[in-house]
Engineer: 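Following this message is one structure expressed as structure tokens.
Here is how names work: the chains are called A, B, and so on, in the same order as the sequence lines, proteins then strands, and each is numbered from 1.
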There are 2 protein chains.
Amino acid sequence: MNTKQENKKVFLEIVKQLQELIDKEQIKPGNKLPSERVLSERLNVGRSSVREALRSLELLGLIETRQGGGTFLSSGQHIQLVEILASFILKESRTVEEVHDTRKMHEKEAIRVICSDKSLIALPVWESLFYKIEVESEVVRHHILREFVITSGNRLSLKIWMQLAAFSATPLKKITTEQEKPILLVLLKSIQLGFKKEALEAYDQWMQHLNTIKEIEN
Amino acid sequence: MNTKQENKKVFLEIVKQLQELIDKEQIKPGNKLPSERVLSERLNVGRSSVREALRSLELLGLIETRQGGGTFLSSGQHIQLVEILASFILKESRTVEEVHDTRKMHEKEAIRVICSDKSLIALPVWESLFYKIEVESEVVRHHILREFVITSGNRLSLKIWMQLAAFSATPLKKITTEQEKPILLVLLKSIQLGFKKEALEAYDQWMQHLNTIKEIEN
DNA sequence: AAACGAAAGTGGTCAGACCACTTTAGACTT
DNA sequence: AAGTCTAAAGTGGTCTGACCACTTTCGTTT
């Protein structure tokens, strides 16, 4: 079948036809798709070709498959491909500095977003972070920064940030209470008050402080 | 092999092993990957499983295949998943917004970096962009924004931005000279002078203007 | 009516076969 | 000897059939 001379990949054609089928059959997120064997018959292609298309869509997070159960239209959150893309991108340009800069970019943007949204700065999260500062642990910094990005509400940014954080993970010493804690207090307090400028300054100061620590440790 | 512990998907495992192989064998963009038959033998899996993984990566634009030629690590940019994802994703407005927000984040950060670096604002690029504004084309906006990110010098940010730009590509009308050009002039001029605040304001104004256009067209 | 269990359905994987196309290398021509 | 041409090898593209593991379904049994 498919006399199509066009040099188009067939599995891409199947992907396209699957979309049309989903649209035509009014298949909503969570609904079941026809089985691979049925699809292969309806589209006049081999089952392996159908599978190549389905596996692609699964990697993109657009569908979910359960062995013995069937194939289902994903109910959202299809951002998991970010992880695969990120790992490839990071492999190519794993300049430590660039990763760090990009990561800071996302963190600062999160702070900006939070400070501009009254409903976000009113969240109880910040209070709990005050307590976290007291708990001297190596991962507190990571937790705090992650909380920033999470609270900002951009799930995509969070995905990217998590990848970057995984690459630039440089386990440092515990929080140095004498110097670091006051900075963090200012940062958190500024956020709670919605003082964007002050928060960003505190953040910069914090990062600068961390660099100092790193140099000392090396 | 397949000691198969966890219920992890095998084709995902192959994707992972392919990444490791690319890393270990020092395969650079444009280089050839082992043939499907060789991979199937080396990884102790069936050829069809290898193909499912390869097709997934191809859909992501991470590899390219030429019939009779072989499989090659992509030299980038060829992202055909855009169309597929777009039709799936465009229904979820929240995701679209997140992509757009994240993209703007990278663009604004690029502007900040540029304005803070005298050697960057002195570049002849900006002069050439003035001319580009005159050329009424649909892709001028994309070119300008890309130039920002490129000039900022963070290649990782550029790669992320390119992915995001591919997703959020919403072909608009040509630049509306009456309203848009003056904004762009202010933006470029502000950058040349290193006026960070003014440049960012002009950028925001620009984005706002683009939103207005989009609403009108819909 | 509830519980159980066999059968059907479905995804997961593999092997083999053929096709179309590209690359390679040897035979041929000059 | 150099270049050209063609056949063979290599490679991706696709299909078929088979078997496995798991889930769902439904009829039988209790």
Side-chain angles (χ1 to χ4, degrees), chain A residues 1-18 21-22 25 27 30-75 80, chain B residues 1-18 21-22 25 27 30-75 78 80 84:
Chain A
M1 57 132 304
N2 294 339
T3 49
K4 67 170 52 280
Q5 347 268 12
E6 336 221 335
N7 45 357
K8 286 292 178 188
K9 310 272 182 181
V10 172
F11 94 96
L12 284 177
E13 179 64 26
I14 296 177
V15 168
K16 193 180 163 192
Q17 293 199 32
L18 280 175
L21 183 142
I22 289 170
E25 308 266 325
I27 300 175
N31 288 164
K32 194 168 165 184
L33 269 65
S35 76
E36 296 179 350
R37 290 170 178 82
V38 171
L39 284 175
S40 125
E41 194 179 335
R42 285 205 2 203
L43 303 181
N44 277 304
V45 292
R47 192 183 155 210
S48 48
S49 294
V50 170
R51 279 185 62 79
E52 289 180 12
L54 288 177
R55 250 17 76 212
S56 298
L57 293 180
E58 184 176 4
L59 190 68
L60 292 180
L62 298 175
I63 61 171
E64 297 167 9
T65 53
R66 294 198 279 275
Q67 180 174 168
T71 306
F72 302 82
L73 190 57
S74 177
S75 38
Q80 75 187 56
Chain B
M1 59 158 334
N2 301 334
T3 47
K4 71 159 56 221
Q5 30 251 14
E6 320 300 312
N7 43 359
K8 291 292 177 192
K9 309 273 181 180
V10 171
F11 95 97
L12 283 178
E13 180 62 28
I14 296 178
V15 168
K16 190 180 163 193
Q17 293 199 32
L18 281 174
L21 183 142
I22 289 170
E25 307 267 324
I27 299 175
N31 287 165
K32 195 169 166 184
L33 269 65
S35 76
E36 296 179 351
R37 290 170 178 82
V38 171
L39 283 175
S40 126
E41 194 178 336
R42 287 210 353 209
L43 304 181
N44 277 306
V45 292
R47 192 184 153 209
S48 48
S49 294
V50 170
R51 279 186 61 79
E52 289 180 10
L54 288 177
R55 249 19 76 212
S56 298
L57 293 180
E58 183 176 3
L59 192 67
L60 287 178
L62 298 174
I63 61 172
E64 297 167 15
T65 53
R66 294 198 279 275
Q67 180 174 167
T71 306
F72 303 81
L73 190 57
S74 174
S75 37
H78 311 283
Q80 60 265 67
I84 294 107

Engineer: Would a 4.5 Å heavy-atom cut-off, applied to side chains only, mark B/Leu54 and B/Thr65 as touching?
Structural biologist: no
Engineer: Please state how far atom CG in B/Leu54 lies from atom P in D/dT14, giving the value in whole angstrom units.
Structural biologist: 13 Å
Engineer: Identify which nucleotide among D/dG13, C/dG12, D/dT14 has an atom closest to any side-chain atom of B/Thr65, counting heavy atoms from C-beta outward.
Structural biologist: D/dG13
Engineer: Tell me: CG of B/Asn44 to P of C/dT13, nearest whole Å?
Structural biologist: 14 Å
Engineer: Below the 4.0 Å mark, does C/dC14 have OP1 or OP2 next to a side-chain nitrogen or oxygen of B/Ser49?
Structural biologist: yes
Engineer: Residues two or more places apart in sequence or in another chain: which of them pass salt bridge (Lys or Arg N to Asp or Glu O under 4.0 Å) with A/Arg37?
Structural biologist: none
Engineer: Can you identify which nucleotide, out of D/dG12, C/dT10, C/dG12, has its nearest atom closest to the B/Thr71 side chain?
Structural biologist: D/dG12
Engineer: Determine, for A/Arg55 against A/Glu58, whether the closest basic-nitrogen to carboxylate-oxygen distance falls under 4.0 angstrom.
Structural biologist: yes
Engineer: What's the CD-C1' distance between A/Glu41 and D/dT16, to the nearest Å?
Structural biologist: 14 Å
Engineer: Go through the structure and list residues passing salt bridge (Lys or Arg N to Asp or Glu O under 4.0 Å) with B/Glu41, not counting sequence neighbours.
Structural biologist: none
Engineer: Taking side chain to side chain contact (heavy atoms under 4.5 Å, CB included) as the definition, give me every residue that meets it alongside B/Ser48, ordered by chain and number, with sequence neighbours left out.
Structural biologist: none
Engineer: Using atom names, set out every protein N or O paired with an N or O of nucleotides 18-23 of chain C below 3.5 Å, distance rounded to 0.1 Å.
Structural biologist:
residue : atom : partner : partner atom : Å
C/dA20  : N3   : B/Gln67 : OE1          : 3.2

Engineer: Over all heavy atoms of both residues, which pair between B/Leu73 and B/Leu33 is shortest? Give the atoms and the distance, please.
Structural biologist: N-CD1, 3.5 Å
Engineer: Starting at CG of A/Leu43 and ending at C1' of D/dC15, how long is that distance when rounded to a whole Å?
Structural biologist: 14 Å
Engineer: Between A/Pro34 and A/Leu39, which heavy-atom pair has the shortest distance, and what is it?
Structural biologist: O-CD1, 3.6 Å
Engineer: To the nearest Å, give me how far apart CD (B/Glu52) and C1' (C/dG12) are.
Structural biologist: 8 Å
Engineer: A/Glu36 CD to D/dC15 P: how many Å, rounded?
Structural biologist: 14 Å
Engineer: Can you find a side chain N or O atom of B/Arg51 that sits less than 4.0 Å from OP1 or OP2 on D/dG13?
Structural biologist: yes
Engineer: Tell me: CG of A/Leu33 to C1' of C/dG9, nearest whole Å?
Structural biologist: 16 Å
Engineer: Which is true for A/Ser40 with a 4.0 Å heavy-atom rule: it touches a base, it touches only sugar-phosphate, or it touches nothing?
Structural biologist: nothing
Engineer: In whole Å, what is the span from the CZ atom of B/Arg55 to the C1' atom of C/dG12?
Structural biologist: 18 Å
Engineer: Contact class for B/Ser35 vs. all strands (heavy atom < 4.0 Å): base, sugar-phosphate, or nothing?
Structural biologist: sugar-phosphate
